[in-house]
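Side-chain atoms are counted along with the backbone in the values below, which use heavy atoms only and exclude waters and symmetry mates. This is a predicted model, so every value here is computed, not measured. Residue numbers start at 1 and run along the sequence shown.
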Amino acid sequence: MESIPSDTQITTTADGGLNVLTQDAWKALLSRYSHIVLVANSEAVDFERLRSELPETALYVFFNNVYKVLDEPFAGHAVLVARSGVMGANIVHRREVGDVLRFFAGDDFLGVVNIRVSPEENFSEESRFKGVRARHLDLTQMIGDLYPAGKIATSGFAMALWLADLQLPGKILLAGFSAKRSEKWKVFDVHDWTFEQIFLRLFARMGSISMMGGVDASPYAALSKRFPQVPPIEIAMTAAEVLSERLHNANSQIDRLMSVTKSIRAIENFFRRFKPKTRKERFLEKSKE
């Protein structure tokens, strides 16, 4: 496992359970890589293309349940981002640390970065990651005033924004950030996927990051070429008008579907009352006592 340069500063809590690096320390640690590749847990990830186009000096950043994108141990520079919840890192309280870390080994594995994005989330101590080096990263202040109220940022979005702000010499590449639901993996409504996609694509067009896997170029770019005499704002307004009409039509069908499935949802809600409480629900109830 790679070591941190000796001239970088590390701050540690009094009980020794958390390793918190300064911004300069993070920059020194990550500046050695030519590319920082954020790999989404998505079917849109094209590993064959990534490994063929990128040099061996690229660092691959994986998130949480990596078995969604990996079938075998990963050979290359890698780091695992473990997202926290109210009970600590999700892979810790769900007892998935061993299932996830079996995909990484050797000196090219940088270890775990346990992140928190909202004040309700709590870190897990380094000792909870089965002997793997863990560092802790608090992104609550960076995200707090930026993200839409009532929603929680995804780990990938938070890391992309943080890495861009570090101004690393290497290129930041997002792989598979499609925000699309698939038959295999779902997207969660607690995140504002629309906001994140707008933000990330603007970042990409500014040159702060690059994106691979579905959003390399704007599908509306051809309109500007075909209608050079039309101002970009007019093209944007026309596109917004069409999208608004389509959204209105979709909402009408959703309302109809909700009406048709009303009885089914009533039965489901009835039986949900008999479902045993999860460990998280019991933890939250106990914390309020």
Side-chain angles (χ1 to χ4, degrees), residues 37-46 49-50 63 68-69 83 117-118 139-140 142-165 171-265 268:
V37 188
L38 276 63
V39 183
N41 290 331
S42 166
E43 293 175 348
V45 174
D46 187 344
R49 178 184 174 188
L50 283 173
F63 297 89
K68 294 182 178 181
V69 290
R83 176 66 175 269
V117 175
S118 71
L139 303 178
T140 54
M142 181 192 72
I143 295 294
D145 296 331
L146 170 69
Y147 210 78
K151 296 289 185 177
I152 303 175
T154 64
S155 302
F157 173 81
M159 288 296 294
L161 179 57
W162 176 72
L163 286 168
D165 286 347
K171 296 181 179 179
I172 301 171
L173 175 63
L174 273 56
F177 279 62
S178 64
K180 296 178 182 178
R181 183 188 181 99
S182 69
E183 293 184 4
K184 187 176 182 181
W185 307 116
K186 63 182 179 180
V187 296
F188 294 97
D189 191 47
V190 295
H191 310 302
D192 192 327
W193 299 99
T194 301
F195 173 81
E196 292 194 6
Q197 283 294 305
I198 293 172
F199 199 108
L200 293 176
R201 294 186 193 197
L202 287 174
F203 246 26
R205 285 162 193 166
M206 289 170 54
S208 300
I209 62 173
S210 299
M211 301 183 74
M212 177 186 290
V215 289
D216 297 282
S218 169
Y220 298 101
L223 294 176
S224 296
K225 295 180 180 180
R226 179 62 179 82
F227 303 102
Q229 71 278 16
V230 179
I233 187 62
E234 289 296 331
I235 295 177
M237 292 296 292
T238 302
E241 177 185 344
V242 174
L243 291 174
S244 178
E245 291 177 359
R246 291 185 59 82
L247 180 60
H248 174 73
N249 293 335
N251 284 338
S252 297
Q253 295 301 316
I254 292 173
D255 289 342
R256 183 170 179 271
L257 182 62
M258 293 294 289
S259 177
V260 171
T261 60
K262 183 178 180 179
S263 58
I264 298 176
R265 287 182 285 112
E268 180 187 20

(request) Drop me the distance from S208's OG to D165's CG, to the nearest 0.5 angstrom. (result) 8.5 Å
(request) Locate the shortest heavy-atom distance separating L38 from G156; write the atom from each residue and the value. (result) CD2-O, 3.7 Å
(request) Mind listing the closest non-hydrogen atom pair of I235 and S224 along with its distance? (result) CD1-OG, 3.7 Å
(message) Closer than 3.5 angstrom, by distance alone: can the side chain of R265 be matched with the main-chain N or O of M258 as a donor-acceptor pair?
(response) yes
(request) Indicate yes or no: at least one non-hydrogen side-chain atom of L200 is less than 4.5 angstrom from one of I209. (result) yes
(request) Hey, could you give me each pair passing side chain to side chain donor-acceptor pair (under 3.5 Å) that has a residue in residues 149-163? Not counting sequence neighbours. (result) Q23-W162, R83-S155, T154-E196
(request) Find the distance between CE (M212) and CG (L173) and round it off to the nearest 0.5 Å. (result) 5.0 Å
(request) Can you measure from CD (E234) to CD (Q229) and round to the nearest 0.5 angstrom? (result) 11.5 Å
(message) Under 6.0 Å between ring centres: does that hold for F157 and Y147?
(response) yes
(message) Has T261 got a side-chain atom pairing as donor or acceptor with L257's backbone, closer than 3.5 angstrom?
(response) yes
(message) I need the I143 CD1 to S118 OG distance, nearest 0.5 Å.
(response) 10.5 Å
(request) Go through the steps for V37 and L50 under the test side-chain contact (heavy atoms from CB on, under 4.5 Å), then give the verdict. (result) CA-CA 9 Å; V37 188; L50 283 173; 4.2 Å; yes
(message) What I'd like to find out is whether the side chain of I152 reaches to under 4.5 Å of the side chain of D192, using heavy atoms alone.
(response) no
(request) Ignoring hydrogens and angles, tell me if any N or O in the side chain of S252 forms a donor-acceptor pair with the backbone of H248 under 3.5 Å. (result) yes
(request) Any chance you could measure M159, atom CE, to L163, atom CG, to the nearest 0.5 Å? (result) 4.5 Å
(message) Quick check against the 3.5 Å criterion: does N41 have a side-chain atom that pairs as donor or acceptor with the backbone of V69?
(response) no
(request) Report yes if some heavy atom in the side chain of V230 is under 4.5 Å from a heavy atom in the side chain of L223; otherwise report no. (result) no
(message) Once ring-ring contact (aromatic ring centres under 6.0 Å, His included) is applied, do any residues pair with F203, and if so which ones, sequence neighbours excluded?
(response) F199
